[in-house]
Amino acid sequence: MKRRDVGQNVSEDGYQALEVDLGFISRDLHFQPAGQGNYWNAASFPNPSSYLHFSTFQGETSADISFYFKTLIPQGVFLENLGNTDFIKLELKSATEVSFSFDVGNGPVEIVVRSPTPLNDDQWHRVTAERNVKQASLQVDRLPQQIRKAPTEGHTRLELYSQLFVGGAGGQQGFLGCIRSLRMNGVTLDLEERAKVTSGFKSGCSGHCTSYGANCENGGKCIEKYHGYSCDCSNTAYDGTFCNKDVGAFFEEGMWLRYNFQASGISGKESGSRSESSPDPQGPLPDLAHEEIRFSFSTSKAPCILLYVSSLTTDFLAVLVKPTGNLQIRYNLGGTREPYNIDVDHRNMANGQPHSVNITRHEKTILLKLDHYPSVSYHLPSSSDTLFNSPKSLFLGKVIETGKIDQEIHKYNTPGFTGCLSRVQFNQIAPLKAALRQTNASAHVHIQGELVESNCGASPLTLSPMSSATDPWHLDHLDSASADFPYNPGQGQAIRNGVNRNSAIIGGVIAVVIFTILCTLVFLIRYMFRHKGTYHTNEAKGAESAESADAAIMNNDPNFTETIDESKKEWLI
């Protein structure tokens, strides 16, 4: 039986030829070969005990099974059908192994395909398994097909009685991920329809990340888990459960950090050629026509250098604070006599407040965004190059570089940056995080001085801060402030001595209310005790000498007799 694999030229049938490496099918591709039903008929398996069941697989003398899968988990059963002793089973045994096993009465047989790269990479992989009376085979993507000859004597019929289980059943390690286009002996199983009527399933390739992946912030990657998901922050300048915790550090005067793009021990000539061809796997080089720089800082001293990227040529990039406290960005990409400068003269950035800087360059267009203000676009001169040639090192705080350095940079190098830098990221490189956390890029970092981690990455202010004379909640500049001052991420502001202004106001109001209630209770209690048992009787005078109480009243009140008479008259009537 002749099979047509994805990636084969099928133009003779009127379909456009597909060139797909390793059987990878783009998740956005909507290609449906004739006669194969819904090519994207899929179901997601959300936990290890999830499975779909179908009628018993009728594959007594021949079995032809194919499907696509993608997962982030290194093992799990794809499908299984059982008999009394016979069985057929396909599973992911490890991150690099797919197994096809069966028993037709001659004893279990297993065929394994081993991949040189992990198969749990959240990409589509194709599995094709065949068995007949002569042989059995297994192929994964375009890896070499593994074939096992059938024994010359013995049983040949596969006798199955149970239902066909897609996913892990019977307490086995189930498959977590997505399976699509499952075909068995030429019949496409309707995974979507069965998933709709099975509890806990969703049709299509949806999982926890489909619903909650947006919780992974700042470029964090959502990773599917059996009972949930996690956020991979390795390619970000953040950490924490949802990649939303700033990684920052306090720089004292004279401190600096250097991140080398090239691996150590490579000569300058070798590094230059390597930077344009094969980047170091532990320190990926940026696109030479594109940079994206993001960081936040706070300082009260100027001038200083915040960030500097050197090269093996004359190209460089610098972000610095001028003596006036204004921000300046300097680009030198060759082709011009002088560097191209972007000056932000209308804002003082050396005011001790946190500020964020986002710089994106694509060829000759530079987009600058400061704090929460609108982005501003700039353009390099027409004579400027578009490539940042042979990037060498990235510096924070100070530039300690060999070779020729722009003279203006030397002026800003003294005395150096003093303050806080946080969430520093240059394309996919997070040098500050690599210095403070153990990552794959930590070996590329060199530090002069003691780098103290600090939660100083507060959100920038949109409006200019009040002066210390008019602001009762004014914070002293960083020279007198502790590097470990508390930080309230909800408010995004630094908190002096751990006290928040809103909390103080609310606490004062609550104290006044409680004091008022206590005063009211004291007043009521005193009033009740004062009048308790004070029922007064108007005891008549002369009661001591009267024969009775009534007589005393009659003697003391001359109107009493008259009242009795009037009562009698009313009664007689």
Side-chain angles (χ1 to χ4, degrees), residues 21 26 28 218-219 221 234-237 258-263 266 268-295 305-320 327-344 356-370 374-396 399 401 403-406 408-409 423-434 440-441 444:
D21 291 334
S26 169
D28 297 324
N218 302 303
K221 182 181 178 182
S234 58
N235 290 327
T236 74
R258 182 180 72 236
Y259 181 96
N260 294 324
F261 294 115
Q262 309 302 322
I266 299 178
K269 184 176 181 180
E270 292 173 338
S271 298
S273 60
R274 189 172 185 178
S275 67
E276 298 176 0
S277 56
S278 57
D280 184 87
Q282 292 185 343
L285 291 174
D287 179 4
L288 299 181
H290 176 86
E291 296 99 40
E292 188 169 358
I293 304 103
R294 299 186 297 271
F295 66 93
I305 295 175
L306 302 174
L307 180 145
Y308 181 88
V309 181
S310 66
S311 71
L312 296 172
T313 64
T314 58
D315 293 357
F316 72 86
L317 160 66
V319 184
L320 46 89
L327 191 73
Q328 184 182 74
I329 300 165
R330 298 172 67 87
Y331 257 104
N332 186 42
L333 299 184
T336 57
R337 297 182 60 182
E338 297 293 335
Y340 176 72
N341 299 334
I342 299 175
D343 294 296
V344 186
S356 68
V357 180
N358 291 323
I359 304 169
T360 303
R361 181 187 72 89
H362 182 69
E363 295 184 349
K364 293 186 179 182
T365 301
I366 301 172
L367 198 64
L368 172 63
K369 182 174 176 58
L370 296 178
S375 301
V376 182
S377 179
Y378 301 89
H379 298 277
L380 293 172
S382 58
S383 60
S384 174
D385 291 342
T386 59
L387 301 181
F388 194 119
N389 293 306
S390 302
K392 180 183 179 183
S393 301
L394 181 149
F395 292 88
L396 298 178
V399 180
E401 182 64 286
K404 184 178 180 181
I405 302 177
D406 187 271
E408 288 294 321
I409 301 299
R423 53 178 180 253
V424 181
Q425 187 157 356
F426 181 74
N427 287 350
Q428 298 300 316
I429 297 170
L432 197 58
K433 182 179 178 181
N440 293 333
H444 292 247

Quick one, Leu327 with Leu306, criterion side-chain contact (heavy atoms from CB on, under 4.5 Å). Give me CA distance, side-chain angles, the key distance, then yes/no. CA-CA 10 Å; Leu327 191 73; Leu306 302 174; 3.9 Å; yes

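- Partners of Tyr308 by ring pair (Phe, Tyr, Trp, His ring centres under 6.0 Å), not counting sequence neighbours, listed by chain and number: Phe316.
- Side chain of Ser310 to backbone of Ser393: a donor-acceptor contact under 3.5 angstrom is found.
- Side-chain rings of Tyr378 and Tyr331 stay apart, their centers remaining 6.0 Å or farther from each other.
- If you take CZ on Arg423 and OG1 on Thr236, they are separated by 12.0 Å, rounding to the nearest 0.5 Å.
- Listed by chain and number, the residues in a salt bridge (charged side-chain N to carboxylate O under 4.0 Å, His left out) with Lys364 amount to none (sequence neighbours excluded).
- With sequence neighbours excluded, the residues that form a salt bridge (charged side-chain N to carboxylate O under 4.0 Å, His left out) with Glu292 are Arg294.
- Taking the side chain as every heavy atom from C-beta outward, Arg330 and Leu320 approach each other to under 4.5 Å.
- For Asn389 (side chain) and Asp315 (main-chain N/O), no donor-acceptor pair under 3.5 Å exists by modelled atom type.
- Judged purely by atom type and a 3.5 angstrom limit, Gln425 uses its side chain to pair as donor or acceptor with the backbone of Asn235.
- Distance check: Ile329 CD1 to Ile342 CD1 gives 5.0 Å after rounding to the nearest 0.5 Å.
- Nearest heavy-atom pair, Asn260 versus Arg258, reported as atom, atom and distance to 0.1 Å: OD1-NE, 3.2 Å.
- Between Ser377 and the options Ile366, Thr360, Leu367, a side-chain contact (heavy atoms from CB on, under 4.5 Å) holds for only Leu367.
- If you take CG on Asp385 and CG on Leu380, they are separated by 10.0 Å, rounding to the nearest 0.5 Å.
- Although no hydrogens or angles enter the test, the distance criterion places no donor-acceptor pair under 3.5 Å between the side chain of His290 and the main chain of Glu363.
- Distance check, rounded to the nearest 0.5 Å: OG of Ser234 to NZ of Lys433 gives 6.5 Å.
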